[in-house]
Structure formats: structure tokens, C-alpha cells
There are 2 protein chains.
Amino acid sequence: MFIELDFESEDPIYLQLMRQIIEGIAKKELLPGDALPSVRSLAADIGINLHTVNKAYQQLKQEGFLQIHRQKGVMIHPDGIPKATEAYKMALEKNLRPLIAESICRDLKQEDFSEICERIFDNLMHGGN
Amino acid sequence: MFIELDFESEDPIYLQLMRQIIEGIAKKELLPGDALPSVRSLAADIGINLHTVNKAYQQLKQEGFLQIHRQKGVMIHPDGIPKATEAYKMALEKNLRPLIAESICRDLKQEDFSEICERIFDNLMHGGN
DNA sequence: TATCTGTTATACTTATAATATAACAGATAA
DNA sequence: TTATCTGTTATATTATAAGTATAACAGATA
């Protein structure tokens, strides 16, 4: 599991961290029950503050990705990740909408949009990373 | 063209404004050459500061959606919106990636994801709004 | 006892978002 | 000519979020 952060990015560090972990789970590089580094060691590894790591962990816990034991540490939720609910699908739709609206403005065809999505799915699920 | 803002949202107002205008263009409610309200009148209408409107306009101008004449006012770019470039497609892919990664984690099938996209495309292009 | 874990608290800096006024320059209509 | 509209620029202030810096606490463990 490699963490790559862009300190020049507008996206906050804790968000980038969350996404990297989520991507790791999607790629099956991180499996249910797998241990994650402690807030302190990961913070030290990356060279950031432990509170920034903690914020990412807490939010991922909140969303059901992680299980945190006060002394044992942090792990990918051993029961697996909660399935997509209707609420999740609605939030997803809300996030996709502006992306699709701009694509339409720029005359990007639905087929081309779908092809990009397909490529991402492929890369995450069967990708050779 | 109706502007609906959510002042409780985490998304900044100027961003919501940008998206509403982009969605208006996608829906063909706003056509190339169409005039937009002045920064002052729109700000007064919505009940926000003129600088917030100006920020949205400036950014939309920067991205090629709007044309701004110092005295004539603001209009949807009469030459049409710039087509999707390779750079745009790469940025789009970067934006889609975390959404798709989380969908995979939550066991949302690619077909279901595509169906959501299709519904949004439909709603924006042929939608009865 | 020493060291690890997450957790909590406090304080500080920085950047962004949003607002509040004010003024300027050019175009236009009364 | 005067008043009013346009975008633009400048300055200041407030509020919030992100990130950092220390410090301490409580429970588990070697």
C-alpha cells in the first residue's frame, strides 16, 4: 500500500489520504481485517501531523470503511464495506451531475464519457498496478 | 433560468453558482449569446455580495463559458463552449476516479453506475425540467 | 516499568470564502 | 451635461477550515 500525496493540490491532505485508502480497498490491495499503520507512524512516514491522519481515519470509520480499537489499532472493517444504499446512490448522483453537465457543454458524447468510466473501472478492478 | 442556492451546503456559493450556470447551458436553457444579469443585479436578486457573483463569472470566463465586455455586460460565449480537450478528459478522469473507487468498495456494479450516469444524461439533455 | 495504541484538549498559523464599502472608467440614455 | 448603468479594482473585516505543534490521558502489552 503506497501513499502518494500532492502537497501542491487544492484537495486537502486528509481527503487525499481517504481516497488513497478507498482506492486501495477497491483494488483489493487492502482486504477486510488488514491492519493499517498507527496514526503516529503513518504521520511520521508521510511527514505530516498525526491529527491529519486521525481526521482521515475518523471519517473513514464514520463511513464504515475502518474499524478502530482504542488499543489494538486500525483495520479495514472486518465485516466488509457497507453496500451502496439509496442514500449513497443519491449522493453519488449529486456528485456526478456537475461533471456530466460540463461534459455536455463541452460536447463530450455519452459514449466517450462511458468509455472513460469503463477504463477507470477496468483499471481499478483488473488493473495491473 | 432559476438559481437555487443552498446556504447550508459545504460547497461554496460561487461554486454552486458556476454549476447552476453550467447546468443551464447543458440544458440549453442558456444559449450562446444569451445575456446574463449584471453582477450587481444578480447579487441583489439572490441576496449575496457582488464579489461572490463576480468570482463565479470570472472563473466561468476563464474556462471559456462566458464572454465579458466591460460595459456591455456578461453573456454566454457567442462562439459556443470550447470542446473537450485531452487535458479536460484527463481532469474528468481524475474527478471520476474516487467516485468509482468508492462505488466498487460498496459493491455497486458497473451497470448500476452506468445507469445512474445515463439517467443524468437523459435528464440534462432531454429532461422535462 | 516502559512503550505502544487511540483520544482529547489547547493554541497557533495560514488560506479561503464571503461580506462591506468605496471608488474608477467607459458607455449610454434622459 | 448629468445621471445611471456596466465591469473592475482596492481595502478591510469576519468566519471557517486545514494543518501543525505540544501535551496529556487511559488502557493494553511486552
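First the proteins, then the strands, lettered A, B, ... as listed; each starts at 1. Treat the numbers as computed from the prediction; the structure is a model and nothing was measured.
At a non-hydrogen distance threshold of 4.0 Å, A/Pro12, A/Ile13 from residues 6-13 of chain A come into contact with DNA chain D.
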- Here DNA chain D, pairs taken as Watson-Crick or G-U under 3.5 Å and shown with ( ), [ ] when crossing and | when to another strand, reads ||||||||||||||||||||||||||||||
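Evaluation of the side chain to side chain donor-acceptor pair (under 3.5 Å) rule for B/Asn49 yields B/His51 as partners, not counting sequence neighbours. For B/Asp34, the side chain to side chain contact (heavy atoms under 4.5 Å, CB included) partners are B/Leu31, B/Ile76, not counting sequence neighbours. Checked against salt bridge (Lys or Arg N to Asp or Glu O under 4.0 Å), B/Glu118 has no partners two or more places apart in sequence or in another chain. Legend: residues meeting side chain to side chain donor-acceptor pair (under 3.5 Å) with A/Arg106, ordered by chain and number and at least two apart, are A/Glu102. Residues satisfying the side chain to side chain donor-acceptor pair (under 3.5 Å) test with B/Ser41, not counting sequence neighbours, are B/Ser38. Judged as a side chain to side chain donor-acceptor pair (under 3.5 Å), and not counting sequence neighbours, the contacts of A/Glu115 are A/Arg119. Every salt bridge (Lys or Arg N to Asp or Glu O under 4.0 Å) that A/Asp107 has, sequence neighbours left out, goes to A/Lys109, B/Lys83.
Contact record, A/Cys105 with B/Ile81: O-CB, 3.5 Å, taken as the closest heavy-atom pair.
A straight line from CG of B/Leu17 to P of C/dA17 spans 14 Å, rounded to a whole angstrom. For the pair B/Leu42 CG and C/dA18 P, the interatomic distance rounds to 14 Å; values are reported in whole Å. Counting to the nearest Å, the C1' atom of C/dT10 and the CG atom of A/Asn49 are 13 Å from each other. Remark: C1' of C/dT5 and CG of A/Leu66 are 15 Å apart, rounded to the nearest angstrom. Taking atom CE on A/Met18 and atom P on D/dG19, their separation rounds to 12 Å, with Å as the unit.
By the rule that hydrophobic residues join a cluster once side-chain heavy atoms approach within less than 4.5 Å of another member, A/Ile104 and B/Ile22 end up as members of separate clusters.
Applying the ring-ring contact (aromatic ring centres under 6.0 Å, His included) rule to pairs touching residues 68-119 of chain B yields A/Phe121-B/Phe113, sequence neighbours excluded. Listed by first and then second residue, the salt bridge (charged side-chain N to carboxylate O under 4.0 Å, His left out) pairs involving residues 56-72 of chain A amount to none (not counting sequence neighbours).
Side-chain N/O atoms of B/Tyr14 include none lying less than 4.0 angstrom from OP1 or OP2 on C/dA18.
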- Message: Counting primed atoms plus P, OP1 and OP2 as sugar-phosphate and everything else as base, spell out the protein contacts along nucleotides 7-13 of chain D at 4.0 Å heavy-atom distance: B, S or - for each nucleotide, 5' to 3'.
- Response: BBBB---
